There are 4 protein chains.
Amino acid sequence: MSPAKTSSAPSRGRIDKREAILSAAFTVFARQGYAQACVKEIAKEAGVAKPTVYNHLTDKANLFREAMTAAADRSLAESLAVIETLTVPRDDDLRALLEDVGFRLLKVHGDPRSCALRRLVYAEVSWAPDLLDAVQGRGSDRITEALADRMARLSLAGRLRQADPVQAAEQFLALLTGPVATRTRMGTRDATDEELREVTQAAVDTFLRAYTPVA
Amino acid sequence: MSPAKTSSAPSRGRIDKREAILSAAFTVFARQGYAQACVKEIAKEAGVAKPTVYNHLTDKANLFREAMTAAADRSLAESLAVIETLTVPRDDDLRALLEDVGFRLLKVHGDPRSCALRRLVYAEVSWAPDLLDAVQGRGSDRITEALADRMARLSLAGRLRQADPVQAAEQFLALLTGPVATRTRMGTRDATDEELREVTQAAVDTFLRAYTPVA
Amino acid sequence: MSPAKTSSAPSRGRIDKREAILSAAFTVFARQGYAQACVKEIAKEAGVAKPTVYNHLTDKANLFREAMTAAADRSLAESLAVIETLTVPRDDDLRALLEDVGFRLLKVHGDPRSCALRRLVYAEVSWAPDLLDAVQGRGSDRITEALADRMARLSLAGRLRQADPVQAAEQFLALLTGPVATRTRMGTRDATDEELREVTQAAVDTFLRAYTPVA
Amino acid sequence: MSPAKTSSAPSRGRIDKREAILSAAFTVFARQGYAQACVKEIAKEAGVAKPTVYNHLTDKANLFREAMTAAADRSLAESLAVIETLTVPRDDDLRALLEDVGFRLLKVHGDPRSCALRRLVYAEVSWAPDLLDAVQGRGSDRITEALADRMARLSLAGRLRQADPVQAAEQFLALLTGPVATRTRMGTRDATDEELREVTQAAVDTFLRAYTPVA
DNA sequence: AATGAATGAGTGTTCATTCAT
DNA sequence: TATGAATGAACACTCATTCAT
């Protein structure tokens, strides 16, 4: 049997290799930053020869961009999956639901790969401003929008007061991630689940105090 | 007679030159990032020869650290000066005061040099983790603490409800800076004063809804 | 049935492909020089895949040699065809005949492909000295010899004075091509037909002054 | 005593090093051609480190140009010195004088460095067309002009017939160098002095037959 | 016989750093 | 003390060449 017949695709090997390179690239870039990372090391990490990297991805800069957007897509998908679960609750326990969603968002947000992604964008945005369109455009913005959608539904259902849903979403996210950022020393230290719970509870508490309908 | 005895300090020329180098270094690092910046260009920007940079600051890495901490000190001082003005107001207009302080904090936070500083810390923290001690230690942490002090006083004065002042400070800052970060695309776009006002008002509004005493 | 049996030769497709590769190679080598030319581009120009080039021609160096000798053969044939027309004229107009032959030799000599060929030989002769055997051996030398033959006949016929026919041929060619070389800036600029006519007339004039029988 | 006080110039070391590099560069380029030559080898030949080459000459291409023009200047100076000696002879022996000048021009022309220079210009002119302005402009053209000046004087003195002096110069040079070029296989083989004498005599003979006044 | 994919070797160029002045 | 000059190490990128299909 010839190797790599794991899938039915005609040239699965090529795709696998490309993805292996992108994944290795993200790992190395995350470890060393863009400029310090050298293509040779990325190639070694991916188990291919250096020119193969160039065959597939043209350029160090392009390699960087592709690796970043791939990582951003992964990260976004996880966050959206969490937000998906924020529906209008049947029983009265909105607080528990928000805490659950908030906690899981923080877990995704604090995931090493997410932290590395944010750090890299921040780091290299000055010479590659299109990273923002590729990463923030598919990332934070769409997260805020998705969350705003759910906030709007909660308002319509009378579970939150009438307010700009985008602003509510922004603030909910800010209350979650802001405090965590300082505590994890910008993502260089892991936060314990207890810390995350604590921050989540504080965030949800403040959020509900500000957004619970008065009636 | 030695040159440049224009001031009373024992060797003022030396100090001036050192500061010129540090300032030039921050400018260049901010423009190009650590790895892309080259000492030659920093030296040119400072108006000295390359070896002079080494005479004064031993190392590229050390030069970076010194330039960063100097910039961090400047930035921190500005923020603390703003927080200084957050006293317990005599009249009833706490909201106006918070909005004023918040707005000015955002102005400092959004200053190009502050943005560059944050970006650089984020960018290079992986290989220079002591940057955080030097920058965040003297920066965000002390800002949060200083703000927490004032929050505590407002609570004691009955102007805010009883609550953990550190948490209140963290959340106040988060409500301010979180939404601004996404809107300015991580500091790569300037925010208009109107945007800043709007975010400030929303932040203060939510903050007061959550922290006004119930009585 | 194998494809491309349009001709009677046993495997005409193969020959066609080989010639396509050689022609493409000469074009690319002429455009970029040996070292700067890359096999990939030659393959693209020939409309085949890179390994096909290797299948047919083993090596870059060999590809070069084959392309060069093919081009040299083409060029030589043209020159010889011109010299063929230099017969002993029946009427008295030797001058007109020489001018005609000279002009047509210059046209062949100044043809872009001839210029490129000369440039390439000159350029790469240091590492591929056998190019000279392949190109000059079949080129200039045989041209001189062929021309010397006709000079000898003209002497025998009493139309030129008694002299070493090889020397006469050499000098005739030198008087033609020498002045043209400088004027066309070594073949990088085209010479107008007027310029060529002028040079030819001067060459023939000098030649006839020197080689007309005294009687 | 400190080293390199051989001359009075303030920074003679720098100039020496630059010239050493240029000379080494010409040697290596002549041996290997532009593309095959590698800067590392040039540096080794010059006895300096590779970056020193870049400090002095910026670029491989620029290094090439500078080395070529320097060599062209040397070569031109030698030829002009020879032409300088072609004055109107007092006695009747114009033939001997022309043979002497012609022979010495051929020696210069056939000098290994001159041959290498011509080969390199021919080789690389396609990507560096300004080489022609730098080399032919200062080279062949000025040689032709200088020789034409002397031809004009000889005509005025009645030693040559009235004729376009530029054309006479061009043809004289062509009659000398043309035959030599083929015989030395484009400068890859040395010509013996006997061969050179022979060619010179033939050239001068033909030239005088064509340009001696009829009277 | 022809190709897509992969590779090892090698090049130009940059830059932090040191030394002699 | 400040500098011009020099260097060693490193890196992005290219290309001729080969193998499996």
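Order of the sequence lines sets the chain letters (A, B, ...), proteins ahead of strands, with each chain counted from 1. Note that the structure is predicted; figures quoted are calculated from it, not measured.
As rounded to whole Å, 7 Å separates atom C1' of E:dA2 from atom NZ of C:K17. Taking atom OH of B:Y54 as the reference point, atom C1' of E:dC19 lies 14 Å away to the nearest angstrom. When rounded to the nearest whole Å, the span between CD of B:Q32 and P of E:dT14 equals 14 Å. Computed from coordinates, the A:K44 NZ to E:dT7 P distance equals 14 Å when rounded to whole Å. Taking atom CG on C:N55 and atom C1' on F:dA16, their separation rounds to 14 Å, with Å as the unit. Computed from coordinates, the A:H56 NE2 to F:dC13 C1' distance equals 16 Å when rounded to whole Å. Atom-to-atom, CG of A:N62 to P of F:dA12 comes out at 15 Å; the value is rounded to the nearest Å. Here the C1' atom of nucleotide F:dT17 and the CG atom of C:D59 are 9 Å apart, to the nearest Å.
Backbone-only engagement by A:A37 is indicated by non-hydrogen atom pairs under 4.0 Å involving sugar-phosphate atoms exclusively.
Mapped onto DNA chain E by nearest heavy atom, D:A61 and B:A35 fall at different nucleotides, with D:A61 at the one closer to the 5' end. Checking B:K60 against A:A49, the closest nucleotide of DNA chain E that is more toward the 5' end is the one next to A:A49. The 5' end of DNA chain F is approached more closely, in terms of each residue's nearest nucleotide, by B:T52 than by the other of B:T52 and C:Y34.
With a 3.5 Å ceiling on both atom-pair distances, the Watson-Crick or G-U wobble partner of F:dA2 is E:dT21. Nucleotide F:dA10 has E:dT13 as its partner under the Watson-Crick or G-U criteria, with both atom distances under 3.5 Å.
Residue A:K50 has no polar side-chain atom (N or O) positioned under 4.0 Å from OP1 or OP2 of F:dT14. Phosphate contact (OP1/OP2 of F:dC15, side-chain N/O of C:K40, threshold under 4.0 Å): absent.
A 4.5 Å side-chain heavy-atom check between B:E66 and B:I21 finds every atom pair outside the cut-off.
Both tests pass for B:K60 against the ring of B:Y34: distance under 6.0 Å to the centre and angle within 45° of the axis.
Between A:V125 and the choices A:L132, A:D130, A:V135, the side-chain contact (heavy atoms from CB on, under 4.5 Å) rule is met once, by A:L132.
Ionic pairing of A:E45 and A:R31 is present here: one or more N-O contacts between side-chain nitrogen and carboxylate oxygen are shorter than 4.0 angstrom.
If you take OG on C:S126 and CD on D:Q36, they are separated by 7.0 Å, rounding to the nearest 0.5 Å.
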